[in-house]
Amino acid sequence: MLVLYGGTGFIGRHICEIANALNSPSSVISRNPDTAFIQEYAPNLSVYKSGSEGADEAVKAARTVVYLANNSKPATGFQTLSDLVNLDLVTLTNFAENLLKVNPKCHLVYISSGGQIYGKSYHSPIPENEAASPSTPYGLSKRLNESILDYFQQNTDLSISVLRLANPVGRWQVGTRHGLVSAAVKAAVETSALTIFGEGHNARDYFDVDDFARFICESHAKNSFETGTYNIGTGVAVTERDVVQAVSDALGSELKTKYEPGRRFDLPYAVLDITEAREKLGWNPTTPLSESIKKIAQSVKG
């Protein structure tokens with residue numbers, strides 16, 4: 001059994017669709033489960049409200065749990081730090097302690113943030129052994145959660161993989177509070193202007209979340225997750241100006257832009273070295289950014 005904890009957010013929805021297509025026995029647990037989404041796009045999956053009897057039974061039966069729950073988005077300022085840290089740390093700690101009690105043989109996959117954890121000091125693809133220096137509440141909460149899981153990994157029988165994601169892109173990102181590529185596609189389709197903060201030279205590492213969803217489902221099926229911390233991305237630097245050009249090229253129309261002053265928490269460079277994930281986990285992103293853009297555009301158009 002594959003269990004997606006917090007599984008109807010942006011990334012979780014893509015995993016749900018792939019798990020449904022692969023007929024992989026899976027369950028979704030959420031504080032506010034989107035049952036309508038599951039019924040329409042992943043009807044083979046079970047869905048439970050966290051804390052319910054069904055959710056408890058699903059966790060007990062799981063071979064893999066993918067932990068997707070979080071209380072923030074990457075592009076947030078500093079005003080929510082105390083609430084965010086308290087919520088995220090307490091929620092994850094309680095979950096890990098319960099998992100250790102009811103299903104210690106299960107493998108826990110924690111979805112962290114390679115795009116936010118490493119900080120502002122880098123200019124070339126960042127490997128996992130580089131120092132973490134988060135510059136947002138979101139990044140800090142992810143790093144502190146990783147430390148909690150380090151404790152469980154070292155002092156209990158839990159088996160844990162931490163996956164530090166770069167910048168996933170996909171159709172279920174449209175309309176959320178994060179995602180430059182989806183915002184750019186939406187602006188292009190609606191012929192509105194895309195706001196860029198700064199001069200457009202900040203570099204990111206974009207990958208198609210369907211590639212990631214398939215990787216999660218196939219790794220679960222093969223029982224091939226390895227313990228440790230791994231970067232998930234492409235290793236390719238793409239700036240905001242590159243995104244604007246890629247959207248214009250893929251959709252065949254010029255994307256209008258407007259520039260605003262840069263924000264303090266925006267990183268100049270967040271591109272990941274994915275060597276470890278390729279070699280040890282078999283991570284192999286294959287979808288070009290142009291194809292991701294076209295898929296998102298289809299979603300925007302309905």
Side-chain angles (χ1 to χ4, degrees), residues 1-73 87-88 91-92 94-96 98-99 102-103 106-113 161 163 165 168-179 181-182 185-186 207-223 225 232 287 292 295-302:
M1 171 76 73
L2 172 65
V3 169
L4 307 176
Y5 189 80
T8 51
F10 157 48
I11 295 173
R13 290 184 177 211
H14 287 266
I15 301 176
C16 287
E17 286 186 312
I18 298 296
N20 184 77
L22 295 175
N23 293 313
S24 175
S26 306
S27 294
V28 174
I29 299 173
S30 175
R31 289 170 298 179
N32 298 295
D34 190 341
T35 54
F37 168 81
I38 296 297
Q39 289 171 359
E40 182 171 357
Y41 295 98
N44 294 330
L45 275 62
S46 302
V47 58
Y48 305 103
K49 187 175 179 63
S50 56
S52 68
E53 182 178 349
D56 294 341
E57 291 304 313
V59 170
K60 290 178 183 178
R63 190 175 76 228
T64 306
V65 173
V66 181
Y67 189 95
L68 294 147
N70 64 74
N71 294 288
S72 180
K73 297 293 186 290
L87 281 169
D88 277 356
T91 301
L92 178 65
N94 288 341
F95 182 84
N98 183 63
L99 188 61
V102 303
N103 190 358
C106 175
H107 188 86
L108 175 61
V109 179
Y110 176 70
I111 305 302
S112 189
S113 173
S161 299
L163 304 183
L165 272 57
V169 296
R171 68 191 185 98
W172 291 114
Q173 197 173 28
V174 175
T176 63
R177 288 184 292 154
H178 60 103
V181 173
S182 61
V185 173
K186 188 172 186 291
F207 67 93
D208 193 290
V209 75
D210 283 334
D211 287 346
F212 179 69
R214 190 166 290 103
F215 162 75
I216 289 290
C217 293
E218 291 177 352
S219 296
H220 165 72
K222 295 183 290 187
N223 201 22
F225 285 112
I232 301 294
T287 305
S292 301
K295 288 194 293 183
I296 295 170
Q298 284 185 325
S299 179
V300 172
K301 294 173 183 178

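Worth saying up front: this structure is predicted, and the values here are computed from it rather than measured.
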Any donor-acceptor pair under 3.5 Å from N44 side chain to N23 backbone: no

K301 NZ to K186 NZ distance, which is reported to the nearest 0.5 Å: 14.0 Å

Gap between atom CD1 of I296 and atom CD of Q173 - 0.5 Å precision: 6.5 Å

Can you tell me if K49 uses its side chain to pair, donor with acceptor, with the backbone of R31 under 3.5 Å? yes

Quick check: do E40 and I38 have side-chain heavy atoms less than 4.5 Å from each other? no

When you measure from the side chain of S52 to the backbone N and O of S50, does any donor-acceptor pair fall under 3.5 Å? no

I need the minimum non-hydrogen distance between C217 and I18, along with the two atoms involved. SG-CG2, 3.9 Å

Is there a donor-acceptor pair closer than 3.5 Å between any side-chain N or O of T91 and the backbone N or O of D88? no

Minimum heavy-atom distance between N103 and K60, given as atom pair plus value: ND2-O, 3.2 Å

Are the side chains of Y41 and N20 in contact, using a 4.5 Å heavy-atom criterion? no

I'd like to know if the side chain of S24 and the backbone of S26 have a donor-acceptor N/O pair within less than 3.5 Å. no

Between L165 and F212, is any pair of side-chain heavy atoms under 4.5 Å apart? yes

I want to check something: taking the side chain as every heavy atom from C-beta on, are V28 and Y48 in contact at a cut-off of under 4.5 Å? no

Do C106 and R63 touch side chain to side chain, with heavy atoms closer than 4.5 Å? no

Kindly assign one of parallel, tilted or perpendicular to the pair F225 and F215, based on the angle between their ring planes and the thresholds 30° and 60°. perpendicular

Those residues that, when tested against S292, pass side chain to side chain donor-acceptor pair (under 3.5 Å) (two or more places apart): D208

Please tell me if the side chains of V47 and F37 come closer than 4.5 Å, counting only heavy atoms from C-beta onward. no

Using the rule side chain to side chain contact (heavy atoms under 4.5 Å, CB included), only one of L68, L99, I29 pairs with Y5; which is it? I29

Gap between atom CD1 of I232 and atom CD1 of I111 - 0.5 Å precision: 8.0 Å

Yes or no on side-chain contact (heavy atoms from CB on, under 4.5 Å) for L163 and I216, after CA distance, side-chain angles and deciding distance? CA-CA 11 Å; L163 304 183; I216 289 290; 4.0 Å; yes

May I ask you to decide whether E17 forms a salt bridge with R171, counting only side-chain N to carboxylate O separations under 4.0 Å? yes

Given the rule in the side-chain contact (heavy atoms from CB on, under 4.5 Å) test, do V209 and V169 qualify, once you have shown the distances and angles that lead to the verdict? CA-CA 6 Å; V209 75; V169 296; over 6 Å; no

Beyond-backbone contact of L92 with Y67, side-chain heavy atoms, under 4.5 angstrom: yes

Can you measure from CG (L2) to NE2 (H220) and round to the nearest 0.5 angstrom? 5.0 Å

Using atom types as modelled, flag every donor-acceptor pair under 3.5 Å from a side chain in residues 6-16 to any protein atom, sequence neighbours excluded.
residue: R13; atom: NE; partner: T8; partner atom: O; Å: 3.0
residue: R13; atom: NH2; partner: D34; partner atom: OD2; Å: 2.5
residue: H14; atom: ND1; partner: D210; partner atom: OD1; Å: 2.8
residue: H14; atom: NE2; partner: W172; partner atom: N; Å: 3.3

